[in-house]
Amino acid sequence: SATGRRVGLGLADDTAEVLTTEGWALFDAAVSWAGGLTNNVPTVNITNPTNSATFASGSNISIVADAADTDGVVRKVDFYAGSTLLGTTNTSPYSFTWNNAPAGNYALTAVATDDTGATATSTVVNITVNVASGTLAGTVTQVNGTTPIVGATVQVKSGNTLITTTTTNSAGNYVIS
């Protein structure tokens with residue numbers, strides 16, 4: 001320590017401080033010397049959508065989470081479908097919109113990270129994104145728009161997932177139900 005400086009160490013309420021001639025100040029070395037301070041992990045839970053919710057493929061799904069940290073601040077919340085990161089937000093209210101969600105069954109989670117890097121994961125919210133229903137019909141033609149293409153393959157996909165395939169008839173028509 002510098003000549004003429006008086007230094008003292010205080011530990012109270014899980015806070016390590018040193019007393020200098022300028023007053024009390026946080027002191028990282030004191031934390032290590034004192035054996036470290038405890039850190040409570042944040043809490044997080046998904047409030048929307050609810051468990052077992054269903055959506056049509058191509059929907060924009062709003063995912064909302066409540067997150068808190070009793071001894072610090074929440075720095076970010078990451079949103080996952082399984083192990084795939086969908087998005088991150090740094091501000092409350094913690095939400096993310098999953099645009100054009102493809103058909104499938106998904107296990108959604110939110111991971112909150114606090115100001116010390118501690119993380120917590122929400123319980124899983126299972127959702128189902130169904131293939132849109134209805135009938136799809138049309139005619140496949142050459143570039144001129146009038147000459148039908150017989151035997152053309154027509155595929156219906158949701159994102160990169162193949163949903164169904166059909167072939168055009170002798171008039172170039174197809175119907176998918």
Side-chain angles (χ1 to χ4, degrees), residues 38-177:
T38 58
N39 177 49
N40 297 325
V41 296
T43 58
V44 61
N45 66 306
I46 294 176
T47 59
N48 188 67
T50 58
N51 197 47
S52 301
T54 59
F55 302 89
S57 63
S59 293
N60 296 334
I61 301 172
S62 175
I63 308 169
V64 180
D66 282 339
D69 188 34
T70 59
D71 62 350
V73 295
V74 174
R75 290 289 185 211
K76 69 176 181 171
V77 175
D78 296 320
F79 294 96
Y80 290 88
S83 61
T84 302
L85 176 64
L86 299 174
T88 299
T89 184
N90 299 319
T91 57
S92 178
Y94 303 103
S95 64
F96 175 79
T97 300
W98 184 11
N99 292 317
N100 198 27
N105 295 311
Y106 299 98
L108 301 180
T109 55
V111 177
T113 303
D114 73 8
D115 51 334
T116 67
T119 61
T121 303
S122 69
T123 57
V124 171
V125 171
N126 293 299
I127 66 166
T128 300
V129 180
N130 293 316
V131 175
S133 61
T135 300
L136 179 63
T139 303
V140 177
T141 64
Q142 292 183 6
V143 176
N144 65 19
T146 58
T147 307
I149 299 176
V150 177
T153 300
V154 178
Q155 297 180 335
V156 176
K157 293 185 174 185
S158 176
N160 291 326
T161 304
L162 179 64
I163 304 302
T164 190
T165 301
T166 192
T167 305
T168 58
N169 62 19
S170 61
N173 297 324
Y174 63 92
V175 176
I176 299 172
S177 298

With a 4.5 Å cut-off on side-chain heavy atoms, are T139 and N173 touching?
yes
Side chains of V175 and T135: closer than 4.5 Å at any heavy-atom pair?
yes
Search all heavy atoms of [X] against all heavy atoms of [Y] and return the closest pair with its distance.
X    : Y    : answer
N60  : T97  : CB-CG2, 3.9 Å
A67  : A112 : CB-CB, 4.2 Å
S62  : P49  : O-CD, 3.7 Å
L86  : F96  : O-CZ, 2.9 Å
V111 : T121 : CG2-OG1, 3.6 Å
A101 : V129 : O-CG1, 3.6 Å

Atom [atom1] in [X], atom [atom2] in [Y]: separation rounded to 0.5 Å?
X    : Y    : atom1 : atom2 : answer
T38  : D71  : OG1   : CG    : 7.0 Å
N126 : L108 : CG    : CG    : 8.0 Å
T119 : R75  : OG1   : CZ    : 15.0 Å
N90  : T113 : CG    : OG1   : 9.5 Å
T89  : K76  : OG1   : NZ    : 11.5 Å
F79  : T84  : CZ    : OG1   : 15.5 Å

If we count only N and O atoms by modelled type, under 3.5 Å, do the side chains of N105 and T128 hold a donor and an acceptor together?
yes
Walk me through it: do T168 and V154 pass the test side-chain contact (heavy atoms from CB on, under 4.5 Å)?
CA-CA 7 Å; T168 58; V154 178; 4.1 Å; yes
Which residues share a side-chain hydrogen bond (donor to acceptor under 3.5 Å, both in side chains) with S52, sequence neighbours left out:
none
Ring centroid separation W98 to Y106 under 6.0 Å:
yes
Evaluation steps, side-chain contact (heavy atoms from CB on, under 4.5 Å), between T164 and T166
CA-CA 7 Å; T164 190; T166 192; 5.9 Å; no
Please lay out, stage by stage, how T43 and N45 fare under the test side-chain contact (heavy atoms from CB on, under 4.5 Å).
CA-CA 7 Å; T43 58; N45 66 306; over 6 Å; no
Look at the side chain of S122 and the backbone N and O of I46, then say whether any donor-acceptor pair between them is shorter than 3.5 Å.
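No; judged by distance alone, with no hydrogens or angles, the pair does not exist.
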Under the 3.5 angstrom rule, does the side chain of N130 hit a backbone N or O of T54 as a donor-acceptor pair?
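Not confirmed, N130 side chain does not pair with T54 backbone.
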Apply side-chain contact (heavy atoms from CB on, under 4.5 Å) to the pair V74 and Y94, showing each step before the final yes or no.
CA-CA 10 Å; V74 174; Y94 303 103; 3.5 Å; yes
